Enquirer: 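Structure incoming, see below.
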Amino acid sequence: MKLPWKKENAAHKASGGGKRRSFDLKAALTTRAVRVGGYSVAAAAIVIAIIVAANALVRALPAQWTQFDTTSSQLFSISDQTESIVGSLETPVTIHWIVQSGQEDATLETLLERYQALSENLTVEKVDPVVSPTFLEQYDVGSVYNNSLIVESEARYRYVDYYDIYEYDYTNYYTTGSVDMNFAGEGAITSAVSYVVNDDLPKVYTLTGHGEGSLSSDFQSAAEQDNMEFEELSLLSAETVPEDADCVLILAPQSDIADVELTALQAYLDGGGRLLLITDPPQEGAELTNLETLMAGYGVHAVDGIVVEEDQANYAMGLPYYLLPDIGYHTITSPLRDEGYYVLLPIAQGLTVDEELPEGVSVTELLTTSANAFSKAAGWSMATYEREEGDADGPFALAVAATKEIDDETQSQVVWVSSSALVDDETSQRVAGGNQDFFLNCISWMCEQEESISIRAKSLSYEYLTMDSATASQLSLLITGVLPLGYFACGIVIWVRRKRR
């Protein structure tokens with residue numbers, strides 16, 4: 001009886017087998033299939049490593065290099081002014097972004113990333129008020145809304161409310177029922193950064209005691225965004241203009257200043273002071289004699305009456321006294337001219353400039369009427385817009401900027417605007433904020449604020465691409481017909497070339 005293993009061994013010998021063949025690992029690893037597979041794995045590993053490294057590199061690059069602004073209003077583009085202010089920071093500034101996790105505003109987040117990329121001295125720190133409930137106790141900011149900001153330096157801080165970042169424009173509400181939303185994040189943040197790093201903030205004193213008007217909340221907020229500080233001044237009690245005054249504002253006085261106030265203002269200007277005077281055509285019996293005497297020292301005089309325009313290009317709304325003046329050349333007006341804005345001045349008084357000015361005085365006419373304008377001598381009592389006997393012929397200036405050289409290093413500056421409608425909200429809105437820009441530029445020039453914050457809000461309203469039917473048909477044919485056929489033809493050419501190899 002043969003054992004099973006012997007039977008198997010005999011079969012093995014019968015088949016020609018002698019020695020048992022061992023597995024050759026080296027030979028297996030050097031086959032063509034393994035080599036090709038190894039090259040593929042190595043290539044894939046290298047590609048993955050390159051992708052990971054590239055992603056890490058891109059994440060380390062500044063946001064403006066890796067994120068492109070394709071919005072129609074350039075929502076995420078940073079202005080040159082912001083780049084100048086933030087890029088030149090010499091002291092650390094921290095922007096505390098107060099937001100609950102998961103409720104971040106995507107538009108604001110993108111903008112903050114771009115700010116952080118501008119300077120090593122600016123840091124954005126996200127603070128969740130739920131996780132850190134005591135964080136806000138160190139700041140006197142009242143109620144804080146989600147996605148608000150606290151911009152802080154070693155010297156001071158400023159709270160930027162979320163509702164200051166988004167603005168609502170009701171200009172068209174009563175005609176179309178629509179409300180436009182604007183994104184004002186850049187202006188608010190840049191203003192706050194400038195505020196916390198500047199020790200010397202311009203101070204404007206507003207004269208009181210003569211029935212003067214007051215700035216609206218919009219104009220006040222805009223001036224504060226330019227980091228202007230306002231304080232009331234009574235020259236009847238103070239007798240002199242404070243030494244820390246960068247500018248004095250006299251806004252639409254209803255009565256004249258007293259002799260003692262005239263003396264105080266003359267002394268202030270003789271010492272290199274700055275004055276912004278905004279007046280209206282005086283009511284009957286309410287002449288501004290002392291104020292006009294002050295301005296006569298700069299060679300500028302007021303014409304009796306109210307200006308009326310005959311040139312339709314220089315008035316608005318079909319009303320000849322709603323003046324759209326020509327804009328002159330000056331540091332104050334350059335931004336308006338460059339951007340194509342208007343200034344609207346309803347009910348204004350004409351101003352004239354002497355041909356021979358006092359010694360050391362120079363005057364620039366900022367806003368002027370056409371040559372066809374005239375001044376209605378009847379003033380507030382006029383019954384017609386037609387030219388009558390006694391009316392003064394134009395052209396007139398409606399705003400002037402005057403300087404007087406005091407000595408080699410000192411000069412006084414005066415701006416006179418002859419209509420208080422300049423600072424009226426509704427009037428300014430009719431010219432897309434041109435009046436407000438002009439007002440702020442006047443103060444900035446006198447306060448020597450070359451870096452004033454004049455960054456406009458950006459519209460978030462939808463913009464539609466409108467085209468005629470022929471263009472739409474051509475684009476449809478291109479997308480659904482020409483391009484697919486082109487891809488198909490390229491595929492056939494590639495296939496034929498490979499077949500011939």
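The shown structure was predicted, so the numbers you read here are calculated from the model rather than taken from an experiment. Atoms considered below: every heavy atom in the structure, side chains included; atoms not considered: hydrogens, waters and symmetry mates.
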Enquirer: Take atom CD of Gln103 as the centre, draw a 6.0 Å sphere, and report whether it contains more than 12 heavy atoms from other residues, nucleotides or ligands.
Expert: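 Yes.
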Enquirer: Residues in salt bridge (charged side-chain N to carboxylate O under 4.0 Å, His left out) with Glu426, at least two apart?
Expert: Arg430
Enquirer: Around Asp140, counting heavy atoms of other residues, nucleotides and ligands shown, do more than 12 lie under 6.0 Å from its CG?
Expert: no
Enquirer: Determine whether a donor-acceptor pair (N or O, by modelled atom type, separation under 3.5 Å) exists between the side chain of Asn198 and the backbone of Leu201.
Expert: no
Enquirer: Does the plane of the ring in His96 sit parallel, tilted or perpendicular to the ring in Tyr139? Use 30° and 60° as the thresholds.
Expert: tilted
Enquirer: Given the side-chain rings of Phe219 and Phe439, with only the six-membered ring counted for Trp, is the space between their centroids under 6.0 Å?
Expert: yes
Enquirer: Without swapping roles, check the side chain of Thr94 against the backbone of Thr123 for a donor-acceptor pair under 3.5 Å.
Expert: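 Flag not set: sc Thr94 to bb Thr123 has no pair under 3.5 Å.
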Enquirer: With no hydrogens and no angle check, is any side-chain donor or acceptor of Asn146 less than 3.5 Å from a backbone partner on Gln100?
Expert: yes
Enquirer: Which heavy atom in Tyr162 sits nearest to a heavy atom in Ser148, and how many Å separate them?
Expert: N-OG, 3.0 Å
Enquirer: Taking side chain to side chain donor-acceptor pair (under 3.5 Å) as the test, write out the residues that go with Glu239, two or more places apart.
Expert: none
Enquirer: So which pairs with a foot in residues 240-269 pass salt bridge (Lys or Arg N to Asp or Glu O under 4.0 Å), sequence neighbours left out?
Expert: Lys203-Asp244
Enquirer: Verify the neighbour count for atom CD of Glu154: are there more than 12 heavy atoms of other residues, nucleotides or ligands below 6.0 Å?
Expert: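 Count not over threshold, so no.
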